[in-house]
Amino acid sequence: AILGTSLISTYAAWSRLTDARHIFSSIQGHDVVSWTSMIAGYAANRDVENAKLHFDRMPQRDAISWTSMISGYAQAGYLQQCRSLFLASPHRDSVSYNAMSQAYVVSGNLDQARTFFEEMCSDGHHNSASWNTMIAAYAQAGHSHESMTMFRRMDLEGIPADSITVISVLDACASVAALDLGKSIHAEATDRRLLCDAGVATQLVDMYAKCGELHDARCIFDSMHERNLLTWNTMIAAYHNHGRNRRGCTGGLDHILGLFLAMVAEGYEPSDVTLLSVISSFSHAGMFEQSIHYFVSSPVDFAVAMKLDHYQCMIDLFSRLGELGYAEELIERMPVEPD
RNA sequence: GGGCUAACGCGAUACG
């Protein structure tokens with residue numbers, strides 16, 4: 001049954017709910033944990049209906065079952081249902097408070113999230129994830145300064161920043177090019193041995209690049225022992241964005257192509273984000289055939305589908321070439337809705 | 001064996 005529950009979480013993490021459900025049915029003697037894994041699986045995949053079905057049907061619930069369901073409502077943006085369940089829960093702990101907090105964030109009520117956070121602080125229900133929730137929420141909403149202020153406050157209160165804190169606040173630094181704070185966070189992350197986290201290092205690459213410090217970004221990229229898809233995409237986008245701001249500068253293209261070939265050689269599947277940087281860079285550098293080549297061959301060579309952004313790039317390319325007929329034809333025949 | 005928070009995506013009242 002323990003093996004079965006592990007399988008359920010694994011399938012759920014891959015969004016294979018049908019398989020998860022199949023394993024669940026084949027287990028004899030469901031316990032709280034296997035029921036809760038199903039709830040969490042549906043919740044993570046935004047299927048609140050099925051999550052609730054399992055929540056109602058299970059014979060007994062513990063704190064984790066309640067929080068999984070509360071979080072499901074939160075992520076799906078069901079603020080009212082989330083609040084009712086949170087208030088009805090016999091097991092309110094920091095994790096469930098944070099899930100409730102996230103419901104305000106997801107439903108766009110940042111001010112209410114803040115009020116709720118301050119109440120949590122005075123009642124002592126908060127933990128470092130509560131801080132991270134607010135820092136990330138402000139950063140995502142474009143309130144970069146508020147995000148950085150919350151970070152400073154967390155720092156002053158002596159709460160150690162973890163990798164999620166650092167990633168979140170660096171996002172804010174990057175969007176307003178707050179290089180000084182970014183550097184001091186870099187130093188703090190180094191002291192706290194967080195640089196071995198690929199997410200933290202990737203975010204530093206992004207921060208330096210967006211602050212215009214492409215060289216520092218590349219140094220961090222080169223020093224990384226473990227990279228992931230986002231690391232490659234971030235570094236490629238860095239050269240792409242840098243080149244876009246200086247007309248006719250094709251120096252970045254060599255880097256982009258080199259990185260692209262290197263990531264493929266290392267066995268990474270380029271994503272739609274990777275390819276947007278690649279075809280857009282070629283197009284803006286006037287290398288139209290290369291751009292078209294990657295647009296056409298990538299869906300064949302890699303597990304990637306061209307999206308609206310990629311079609312827009314091609315339409316722009318044909319239009320600038322004066323091939324308005326091709327551009328129009330592409331708009332009419334592309335498999336995605338034009339905006 | 002199960003629960004909260006995080007990073008890449010040109011731009012966004014429209015042109016480049």
Side-chain angles (χ1 to χ4, degrees), chain A residues 1-10 12-13 27 31-41 43-44 51 61-72 74-75 86 89 91 93-103 105-106 113 117 125-137 139-140 147 161-172 174-175 197-207 209-210 228-238 240-245 247 271-277 280-281 283-284 307-310 312-313 316 320 339:
Chain A
I2 291 178
L3 177 64
T5 306
S6 306
L7 280 173
I8 290 173
S9 329
T10 306
I27 296 177
D31 59 7
V32 207
V33 179
S34 58
W35 278 102
T36 304
S37 303
M38 287 305 294
I39 296 173
R61 307 165 187 90
D62 63 10
I64 300 183
S65 323
W66 281 89
T67 308
S68 301
M69 194 60 233
I70 291 168
S71 174
Q75 298 299 350
F86 174 74
S89 172
H91 310 274
D93 59 9
S94 292
V95 180
S96 64
Y97 270 87
N98 292 336
M100 185 62 231
S101 192
Q102 182 69 354
V105 173
V106 171
F117 170 80
H125 293 301
H126 67 305
N127 60 13
S128 65
S130 321
W131 286 95
N132 294 346
T133 301
M134 293 311 301
I135 292 169
Q140 287 162 352
S147 173
D162 61 19
S163 55
I164 295 183
T165 319
V166 169
I167 289 170
S168 305
V169 69
L170 281 176
D171 191 24
S175 32
D197 182 306
V200 170
T202 299
Q203 200 55 42
L204 282 168
V205 170
D206 191 50
M207 185 276 295
K210 287 184 176 153
N228 60 31
L229 177 65
L230 293 193
T231 313
W232 291 94
N233 285 352
T234 300
M235 196 63 241
I236 291 173
H240 172 223
N241 290 326
H242 189 71
R244 204 160 41 81
N245 297 332
R247 320 168 67 76
S271 70
D272 53 341
V273 175
T274 323
L275 282 150
L276 186 60
S277 291
S280 177
S281 296
S283 171
H284 283 116
K307 296 183 168 177
L308 180 61
D309 288 336
H310 306 82
Q312 284 171 332
C313 186
D316 175 67
R320 282 186 291 124
D339 65 356

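In what follows, chains are A, B, ... by sequence order, proteins preceding strands, each numbered from 1.
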Of the nucleotides [options], which one has an atom closest to the side chain of [X]?
X: A/Ser168; options: B/G1, B/A6, B/G9; result: B/A6
X: A/Ser6; options: B/G1, B/G3, B/C4; result: B/G1
X: A/Gln140; options: B/A6, B/C8, B/C10; result: B/A6
X: A/Asn233; options: B/G3, B/A6, B/C8; result: B/C8
X: A/Val33; options: B/G1, B/C8, B/C4; result: B/G1
X: A/Ala99; options: B/C8, B/G2, B/C4; result: B/C4
X: A/Thr36; options: B/G2, B/G1, B/C8; result: B/G2
X: A/Asn127; options: B/C4, B/G2, B/A12; result: B/C4

How far, in whole Å, is [M] from [N] if one measures between their [atom1] atoms?
N: B/C8; M: B/C4; atom1: C1'; answer: 24 Å
N: B/G16; M: B/A12; atom1: C1'; answer: 11 Å
N: B/A6; M: B/G1; atom1: P; answer: 24 Å

If you look at every strand shown and take non-hydrogen atoms under 4.0 Å, does [X] touch a base, only sugar-phosphate, or nothing?
X: A/Asp162; result: nothing
X: A/Thr5; result: base
X: A/Thr67; result: base
X: A/Ser65; result: base
X: A/Asp316; result: nothing

Next on the checklist: Testing A/Thr133, A/Asn132, A/Asn127 one by one against A/Asn98 for a side-chain hydrogen bond (donor to acceptor under 3.5 Å, both in side chains), which residue passes?
Outcome noted: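 Only one of A/Thr133, A/Asn132, A/Asn127 forms a side-chain hydrogen bond (donor to acceptor under 3.5 Å, both in side chains) with A/Asn98, namely A/Asn127.
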Item to check | A/Asp316 side chain to A/Ser283 side chain, donor-acceptor N/O pair below 3.5 angstrom | outcome: no
Checklist entry - On a plain distance test, is the side chain of A/Ser37 in donor-acceptor contact with the base of B/G2 below 3.5 Å? => result no
Item to check | Donor-acceptor pair under 3.5 Å, A/Asp62 side chain vs B/G2 base | outcome: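 Counting by modelled atom types and ignoring angles, a donor-acceptor contact under 3.5 Å is found here.
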Next on the checklist: In whole Å, I'd like the distance from the CG atom of A/Asn228 to the C1' atom of B/A6.
Outcome noted: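 Rounding to the nearest Å, CG of A/Asn228 and C1' of B/A6 are 12 Å apart.
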Checklist entry - Can you check the A/Leu204 CG to B/A6 C1' distance for me, whole Å? => result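 Taking atom C1' of B/A6 as the reference, CG of A/Leu204 is at 13 Å.
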Checklist entry - Taking only side-chain nitrogens and oxygens of A/Gln102, does any of them come within less than 4.0 Å of OP1 or OP2 of B/A6? => result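 Yes, within the criterion.
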Next on the checklist: With a 4.0 Å cutoff (strictly under), does any side-chain N or O of A/Lys210 reach OP1 or OP2 of B/C10?
Outcome noted: no
Checklist entry - Is the A/His126 ring parallel, tilted or perpendicular to the A/Phe117 ring (thresholds 30°, 60°)? => result perpendicular
